[in-house]
Amino acid sequence: MSNELPKTYEPAAIEAEAYRVWLDENCFHAEPSSPGEPYSIVIPPPNVTGALHLGHAINSTLQDILIRKARMEGRNAVWIPGIDHAGIATQAVVEKQLKERDNLTRHDVGREGLVKRIWEWKQQYGDRIISQLKRLGCSCDWDRTRFTLDEMCAKAVRETFFKLFKDGLVYRGKRLVNWDVHLQTSISDDEIYHETVQTHLWHIKYPIVDSGEDPRLEVQVSGKSERPVAGMALEPQVSAQGTDEFGEPLQTFSDDEGSRIDLSNDNAPDPVDYNKTGLRTASTGPSPRPTFLVVATTRPETMLGDTAIAVHSEDPRWNWAIGKFVELPLTGRKIPIIADDILVDPKFGTGVVKVTPAHDPNDYSVWQRHLSQLDAIDIINIMNPDGTLNDAAGKYKGLALNKARHAVANDLKDQGLLIKEEPYETQVGHSDRSKTPIQPYLSDQWFVKMAPLAEPALRVVRDGTIQFFPERHAQQYLSWLGEKRDWPISRQLWWGHRIPVWTGDAKQLGMTIFAADAADAKVISPMTIHAGDAGNLHRTVKIGGVEISVQTAFVNEEQVAFVCVPPGSTKTEQELERLGFVQDPDVLDTWFSSALWPHSTLGWPEQTPELAKWYPTSVLLTGRDIITLWVARMVMMGMYNMGQRPMGVQPVSPAAGEVTTDHALANVENFDPKHREPEQTLPVHEYAQNTQGRDARGRAEDLGIPFYHVAINPTILDGKGERMSKSKGNGVDPVDVIDTHGADALRFTLATMATETQDVRMPVKKDAQGRNTSDKFDFGRNFCNKLWNASRFVISNLELTAALGSEAQARNQNNKTAERKQNSDSSSVNPALKSLPDRWIVSRFNATVDEANKALSAYRFDLYAKTCYDFFWRDFCDWYVEAVKPTLKTESGGNSLAIVTQILDGVLRLMHPLIPFITETIWWKLNELAPDRAGLGTVHKRLIHSAWPQAGTIDAQAEERFTLVQEIIVAIRNVRNEHKADPKKPVVVRLESGTIPWLKDEHRLIETLAVCRIHSEPDPNAIRVSAGGAEIYISGLIGPATDKLRQTTQKEALVRKIAAMKSRLGNEAYTAKAPAALVEETRQQLAQAEAELSKLE
RNA sequence: GGGCCGUUAGCUCAGUUGGCUAGAGCGCCUCCCUUACAAGGAGGAGGUCACAGGUUCGAGCCCUGUACGGCCCACCA
């Protein structure tokens, strides 16, 4: 009894036990010094913010499949787990908790206090995530668990930041950022969602001040301008690489783009439609012109920060006013009317736009565009970080924005400047974290220059060094990276890697550092921070072995120095602080540390054995939503830090001129190629082998790419097709599913869903215990149950045989070395094959292994699971086991028991990566009863460390023959069923198969599986059917009526088929152009169909 | 507005370089609790492959267009 598997499959019991054993025996741990070709994966670190959902579950399952397979293939496989600190998200959650529990803000507890609390949160939820991964069966090397905020990562972050700073790829600039007024931090574009709000469009009069033409402008009032119109007059220094000096994407214009309007076009606005615009004309002058312009805005309060009015240069209604001024209502400031053909769409609104550079992204672009032009405009910030108005707002100072809006609108109304207030629907950006509206806000931020980093990262995907699966996802990567928009990396948060820059009086620095060791102080590169700001410098010096990189800038007429030092320069940091320098209070964008993940987890910047062995990693598995945010940045930073060539500092644009190449060698010095193992060969996947061989890997190493393959897993949606998320409440905790169905069932089902189609719908239901689960997982659970029971069957037979000292087993001992050539732990099935079913099932197994290999090397996890399913359930259980069942325990069973055992052995190996718990558990049991698998030799104690099955040869003849036998059996069953034959009572069958001489050898098989007796006496009343060229006469059934029907249907089908084939063959084009083999095949089929038909007449 | 993807059985989805009667699971119908498994077994019904053109001897598959759905990016004051 102890030898038996429990009668019912209960995943909960076996899963806990199997995982415990794996952990106890350290099965997941890898060492770089171990033998085997490297195979490595780094987990996309889940956010510590919350628990894992099904999206993580599918992602983790697929990685585990790859790692377990690689491990079984004898590779030195490591899967590095970890968690992301998820800056904003985590801080927001903890702050919210602080507020709700203790009614405290972060300012009450202070920076240290808050960070301490977040660490406590991290401990709790990090542990939860790890335990979820363990429940899933993930075979991560837990000894190597990392956190994006741990010391190793911190060091990598500091090193990288310093490199970037030194290379001039980090710069500080004023930029309009998305400001979360509630959290008082800037947030990235991707942390914003848009919400439709009902608001108003306020139409406001801006009186034109007649007295002043803008003296800075050359006169040009009518349609055609003498000088290039604004918007086309982009800075000549803008590089061809697509960014200006701020890294803004270069916008290119051509005459056929929408920025110009064609006045002959009917769609162009009525030249002067005063009714439409609500304008009045002045009574004097040769041509009537309005005395004011009307602006329509959704945000009247921002007019306090207006610095210009913009119109389209070719809009005849207003272009005469370009160069004049308006008086800004409520403030009395005089602001210019400028032309900006990018901002202004004459067809929209009044064709007149207020420009508020400090509070609107588009207006900010206007400011930038006009910065070095004659018509440069001001930029005025009217907002405090907390969302109230500042001194610049005059009497509105101190009001919150929404209050100011109404105050402004009311005052305008009082002054008769508000023409109308029309209801308007618009989209307003909201912070994903605080759910409050985002304010564009002008602030000082650090940026990473993208162009030099993006270029190489684009190249390696274009040239196929990095491959996407499915391939089409590369497009998203390429198009996003192609924009090369600079990356704002400052976050006004306390939770994260603090920016390693100290700010202070440049004069202090000069006296102490520069002057102290002037001979040693080597100027490494000049840098311009803002165009036109003379005196801004960028120097990197080396003093006493410590590198110090300095950027200077003028702030309020004072020269301020920004100093960056590499990690481990504590003394220098202290010295700086003694001099009054203060460290930047901001932290880095979370993605900054995530971008380093593949190499930082392996120990970089130290040249660790892990890095040498496992970098580049073999594949990255992730969702398509972070191809840009994460994948692209990992490639960039991987190449920047790990590449042997200093690509990060190659001057991509001579015009940029800010970065010199002479310090590029600094990167090379960091890199010690000796740590490489030149004998390393390819990663596992076939395609790489048949393309460039080991050169590919060598080249990839030179380039420093973090992975060769990017496999994109599908997004899991709920039953309504909506993305799962916690806020929607439609998320499913994988642990809930594991509780209801088991981890193997979850894994199996998720794998079948990992198709190339992007999204998977998952109808969710709540069970009695309130757990979110889905009937979808019944599929996997049923499969596991089937495996459980089939294994029980095999094991019960082994027990019996063992008890009786089976002859079959003894015989197999003799056969065991007959044809085997593999090592002792091989799973190749190759006993002495006798019967057709034996030959067939072995051939099918071999084909299945082959298909599984192909599927997995293409990351087609669904095909892998499907292949396993079809072979195990359909071929093995439904056919083979049923075929050998009656004779299994008898002498005449031949070596079927051996084959059943060996196939089970192979199936366990083949499916272990997919359903590790159940396969491992059965493996143990199988080891007890058949330690040598009836002749295969010694097997490994643990399946996790056993060999991946080898695909042996395909027996085409056996497959062909067995297929025919199947057809005959199905035909007989069919008739039996239609006649409601007693399932246990055999029918009498006569087979006419003169053309198939070998068929008589399989009569016994047919009798078994079709429940019949085969006789040779003709019966005139027999029901006749045909299958695969054999005529089948079935006697002993009543009810020929249905047979008539069936024969009629069959006949009709044949007639149709014959007609179709005849017409095809009658078509000369077909016989001439189609492949000869196909035509011949058609002829044979036609002949066969006609023969069948004639027999049915 | 730009780009990408999808539309195949009642539901969820496969369908390889175009090639015989388009498949699976679930659900449904009939029969069967046969000592591995009713979470099972045997059989069955069910599809004008979104629509319209085109290429081809031949189209679910390739091309063009349309409709509907989804995603990403940019978002008009």
Side-chain angles (χ1 to χ4, degrees), chain A residues 5 7-9 189-190 194 201 258 295-299 302 310 343-345 347-356 360-363 426-427 429 470 472-473 475-476 479-480 483 624-625 627-628 715 717 719 721-723 741 745 749 752-753 755-763 775-776 778-779 781-797 854 858 860 862-863 866 869-870 874 877-878 881-882 885 970 973-978 980-984 1009-1011 1053 1056-1057 1060-1061 1064 1067-1075 1078-1079 1081-1082 1085-1086 1089:
Chain A
L5 286 169
K7 191 166 165 59
T8 44
Y9 166 57
D189 290 344
D190 32 87
H194 290 269
L201 204 52
V295 166
T297 179
T298 54
R299 303 199 57 194
T302 64
L343 179 72
V344 183
D345 174 4
K347 300 187 204 79
F348 186 87
T350 60
V352 181
V353 185
K354 64 194 272 300
V355 181
T356 321
D360 183 280
N362 293 301
D363 296 1
T426 188
Q427 302 266 79
R472 69 186 127 90
H473 290 297
Q475 286 176 353
Q476 199 186 334
S479 63
W480 184 82
E483 289 180 25
R624 68 179 186 283
D625 50 332
I627 289 173
T628 53
T715 305
L717 309 173
E722 290 181 28
R723 200 189 177 88
H741 289 78
T749 310
T752 61
M753 291 176 158
T755 65
E756 288 200 314
T757 317
Q758 296 185 6
D759 298 333
V760 177
R761 284 193 185 206
M762 173 81 68
D775 291 340
K776 279 265 172 189
D778 292 354
F779 182 57
R781 195 233 3 233
N782 294 354
F783 182 72
C784 291
N785 186 59
K786 188 75 178 175
L787 174 60
W788 186 259
N789 283 299
S791 303
R792 284 180 59 227
F793 175 77
V794 174
I795 283 163
S796 71
N797 279 287
K854 281 185 181 140
R860 287 298 305 270
D862 60 322
L863 293 183
K866 186 73 168 29
Y869 180 97
D870 286 341
R874 304 274 84 99
C877 294
D878 289 352
V881 172
E882 293 305 323
K885 205 183 244 180
V970 168
R973 283 174 175 174
N974 191 324
V975 173
R976 288 183 51 101
N977 259 301
E978 279 178 4
K980 307 220 188 298
D982 181 339
K984 289 174 203 161
L1009 293 177
V1011 194
R1056 259 201 313 276
K1057 197 171 157 185
M1061 285 190 288
R1064 196 180 311 155
N1067 185 342
E1068 272 183 38
Y1070 175 71
T1071 48
K1073 293 187 186 176
L1078 192 67
V1079 177
E1081 201 182 318
T1082 310
Q1085 282 163 356
L1086 177 61

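Sequence lines set the chain letters: A, B, ... in the order given, protein chains first and strands last, and positions in each chain run from 1.
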Checklist entry - Counting only side-chain N and O atoms of A:R781, is one of them less than 4.0 Å from OP1 or OP2 of B:C37? => result no
Checklist entry - Rounded to the nearest Å, what distance is computed from the CD atom of residue A:Q475 to the P atom of nucleotide B:C72? => result 17 Å
Checklist entry - When rounded to the nearest Å, what value does the distance between C1' atoms of B:C31 and B:C68 take? => result 43 Å
Checklist entry - Is the phosphate of B:C4, meaning OP1 or OP2, less than 4.0 Å from a side-chain N or O of A:R472? => result no
Item to check | Residue whose nearest RNA chain B nucleotide is more 5′ - A:S479 or A:K980 | outcome: A:S479
Checklist entry - With no hydrogens and no angle check, is any side-chain donor or acceptor of A:R976 less than 3.5 Å from a backbone partner on A:D982? => result yes
Item to check | Assigned partner base of B:C61, Watson-Crick or wobble definition, under 3.5 Å | outcome: none
Checklist entry - Of all the choices, B:C37, B:C4, B:A77, which nucleotide is nearest to the side chain of A:K786 once you look at every atom? => result B:C37
Item to check | Within 45° cone and under 6.0 Å: A:K786 NZ/CZ vs A:Y9 ring | outcome: no
Checklist entry - Where the side chain of A:Y9 is defined as all heavy atoms beyond and including C-beta, which of B:C72, B:A39, B:A36 is the nearest nucleotide? => result B:A39
Next on the checklist: Taking 4.0 Å as the cut-off, does a side-chain nitrogen or oxygen of A:R874 come that near to OP1 or OP2 on B:G25?
Outcome noted: yes
Checklist entry - With both distances under 3.5 angstrom, what nucleotide forms a Watson-Crick or G-U wobble pair with B:U30? => result B:A42
Checklist entry - Hey, is the main chain of A:T356 close enough, under 3.5 Å, to the side chain of A:D363 for a donor-acceptor pair? => result yes
Checklist entry - When rounded to the nearest Å, what value does the distance between C1' atoms of B:C28 and B:G46 take? => result 9 Å
Checklist entry - Between B:U56 atom P and A:L1078 atom CG, what is the distance in whole Å? => result 19 Å
Next on the checklist: The side chain of A:A790 is closest to which nucleotide in this list: B:U34, B:A36, B:C71?
Outcome noted: B:A36
Item to check | A:V355/A:L343 under side-chain contact (heavy atoms from CB on, under 4.5 Å): CA gap, chis, key distance, verdict | outcome: CA-CA 9 Å; A:V355 181; A:L343 179 72; 4.0 Å; yes
Checklist entry - Base, sugar-phosphate, or nothing for A:D878, non-hydrogen atoms under 4.0 angstrom? => result sugar-phosphate
Next on the checklist: Tell me if the side-chain of A:K885 makes a donor-acceptor pair with the base of B:A36, cut-off 3.5 Å, by modelled atom types.
Outcome noted: yes
Next on the checklist: Just the rounded figure in Å: distance from C1' of B:G40 to CG of A:N785.
Outcome noted: 8 Å
Next on the checklist: Suppose you measure atom P in B:U8 against the same atom in B:G60; what distance do you get, rounded to whole Å?
Outcome noted: 15 Å
Item to check | Of the listed nucleotides B:A36, B:G41, B:G25, the one nearest the side chain of A:F779 | outcome: B:G25
Next on the checklist: In the structure I gave you, are the side-chain heavy atoms of A:T715 and A:R624 within less than 4.5 Å of one another anywhere?
Outcome noted: yes
Checklist entry - Just how far, in rounded Å, is C1' of B:A36 from CG of A:L787? => result 11 Å
Next on the checklist: Can you tell me if A:N789 touches the phosphate of B:A39, counting only side-chain N or O atoms and a distance under 4.0 Å to OP1 or OP2?
Outcome noted: no
Checklist entry - OP1, OP2 of B:G40 versus side-chain N and O of A:N782: anything below 4.0 Å? => result yes
Item to check | Pairwise C1' distance for B:U48 and B:U64, with rounding to whole Å | outcome: 22 Å
Checklist entry - Which base, if any, makes a Watson-Crick or G-U wobble pair with B:U55, both distances under 3.5 Å? => result none
Next on the checklist: Rounded to whole Å, please give me the gap between CG in A:D870 and C1' in B:C13.
Outcome noted: 14 Å
Checklist outcome for this item: To the nearest angstrom, the CD-P distance between A:Q476 and B:C4 comes to 12 Å
Checklist outcome for this item: Ranking A:Y869 and A:V295 by the position along RNA chain B of their nearest nucleotide, the one closer to 5' is A:Y869
Next on the checklist: If I pick the P atom on B:U12 and the same atom on B:C4, what distance separates them, to the nearest angstrom?
Outcome noted: 26 Å
Checklist entry - With a 4.0 Å cut-off on heavy atoms, is A:D363 in touch with a base, just the backbone sugar-phosphate, or nothing at all? => result nothing
Item to check | A:M762 vs A:M753 side-chain heavy atoms within contact, under 4.5 Å | outcome: yes
Checklist entry - Which is true for A:C784 with a 4.0 Å heavy-atom rule: it touches a base, it touches only sugar-phosphate, or it touches nothing? => result nothing
Item to check | Atom-to-atom span, CG of A:N974 to P of B:U30 - whole angstrom | outcome: 17 Å
Next on the checklist: With rounding to the closest Å, how many angstrom separate the C1' atoms on B:G40 and B:C26?
Outcome noted: 15 Å
Checklist entry - Any side-chain heavy atom of A:K854 sitting closer than 4.5 Å to one from A:L863? => result no
Item to check | Base partner of B:G6, which must satisfy Watson-Crick or wobble distances under 3.5 Å | outcome: B:C68
Checklist entry - Rounded to whole angstrom units, what separation is found between the CG atom of A:L1009 and the P atom of B:G43? => result 11 Å
Checklist entry - Which nucleotide sits closest to the side chain of A:K866: B:A24, B:C37, B:A39? => result B:A24
Checklist entry - Touch check for A:L343, heavy atoms < 4.0 angstrom, all strands: base, sugar-phosphate only, or nothing? => result base
Item to check | N or O in side chain of A:K776 less than 4.0 angstrom from B:G25 OP1/OP2 | outcome: no
Next on the checklist: Quick check against the 3.5 Å criterion: does A:N974 have a side-chain atom that pairs as donor or acceptor with the backbone of A:V970?
Outcome noted: no
Checklist entry - Going by modelled atom types, is there a donor-acceptor pair between the base of B:A42 and the side chain of A:E882 at under 3.5 Å? => result no
Item to check | Side chain of A:V344 (C-beta onward), nearest among B:C37, B:C4, B:A77 | outcome: B:A77
Item to check | Pairwise P distance, B:C49 and B:A42 [rounded to whole Å] | outcome: 31 Å
Next on the checklist: Do A:I627 and A:W480 make a side-chain contact, defined as non-hydrogen atoms from C-beta onward lying under 4.5 Å apart?
Outcome noted: no
Checklist outcome for this item: Scanning all shown strands, the Watson-Crick or wobble mate of B:U12 with both distances under 3.5 Å is B:A24
Next on the checklist: I'd like the C1' distance from B:C29 over to B:C71, given in whole Å.
Outcome noted: 40 Å
